[in-house]
Amino acid sequence: MALMPKSQTAAARSRIEDALSVADALCARRGKRFTPIRRKVLELLLQHQRSLKAYELLDEIRAVHPNATPPTVYRALDFLLEEGLVHRVDTLNTFIACRDADGAPHNLLVVCTACGRVAEIHDDVVRSRLAERIADAGFRLAGDEMEVKALCGDCRAAAPEHSHDHSHAHD
Ligand SMILES: [Zn+2]
Ligand SMILES: [Zn+2]
């Protein structure tokens with residue numbers, strides 16, 4: 001629509017359009033309504049490479065729909081979570097659009113704790129091995145998705161591994 005940021009490349013734009021079409025098709029197949037606000041929330045999340053806090057999302061929605069109330073946005077978010085179109089990132093208390101909503105369910109979210117970027121991984125072998133070990137310890141996984149804390153390539157480059165033995169003499 002008219003309010004797209006100018007910085008978006010054509011490739012990013014078409015990736016977002018593709019993801020929205022997938023969401024459209026999934027909702028239609030499941031008999032769910034992909035209402036304009038649900039679509040808008042998903043679209044805003046898809047525009048970011050990183051996961052967003054709920055208040056960041058709310059701010060962005062209000063820039064487009066000044067009358068949007070928090071409950072409206074949270075209900076839309078709940079819907080998107082239920083349909084697997086959005087993931088909740090517990091590690092950071094943020095939300096991220098699923099990049100592959102009609103693919104295999106993601107059972108591993110790799111979360112960059114520095115910038116909030118998330119990689120989605122599907123690996124049944126790793127998951128079932130881990131579930132076995134966890135069972136050996138007397139626990140059971142609390143959900144289908146597991147989160148792993150990590151640093152993405154950009155953040156690793158920004159924070160070299162030897163930085164911990166820097167001495168800060170000049171502050
Ligand atoms: Zn996903
Ligand atoms: Zn990062």
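Counting starts at 1 for both ligands and their atoms, in listed order.
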*Answer yes when Glu83 and Arg30 have at least one side-chain N-carboxylate O distance shorter than 4.0 Å, and no when they do not.*
yes
*Output, by chain and residue number, all protein N/O/S atoms separated from the Zn ion (ligand 1) by less than 2.8 Å.*
His87 NE2, Cys98 SG, His106 ND1, Glu120 OE2
*Is a side-chain donor-acceptor pair under 3.5 Å present for Glu60 with His48?*
yes
*Indicate yes or no: at least one non-hydrogen side-chain atom of His87 is less than 4.5 angstrom from one of Val118.*
no
*asked:* With a sphere of 6.0 Å drawn around CZ of Arg129, does it hold more than 12 non-hydrogen atoms of other residues, nucleotides or ligands?
replied: no
*Does some side-chain heavy atom of Arg127 sit less than 4.5 Å from a side-chain heavy atom of Leu141?*
yes
*Kindly determine whether Asp78 and Arg75 satisfy salt bridge (charged side-chain N to carboxylate O under 4.0 Å, His left out), including the steps that lead there.*
CA-CA 5 Å; Asp78 280 343; Arg75 274 199 302 272; over 6 Å; no
*Can you measure from CG (Leu42) to CD (Gln47) and round to the nearest 0.5 angstrom?*
10.0 Å
*Please state the angle at the Zn ion (ligand 2) spanned by SG of Cys112 and SG of Cys152: what is it, rounded to 10 degrees?*
120°
*Opening angle between SG in Cys115 and SG in Cys155, taken at the Zn ion (ligand 2), to 10 degrees*: 110°
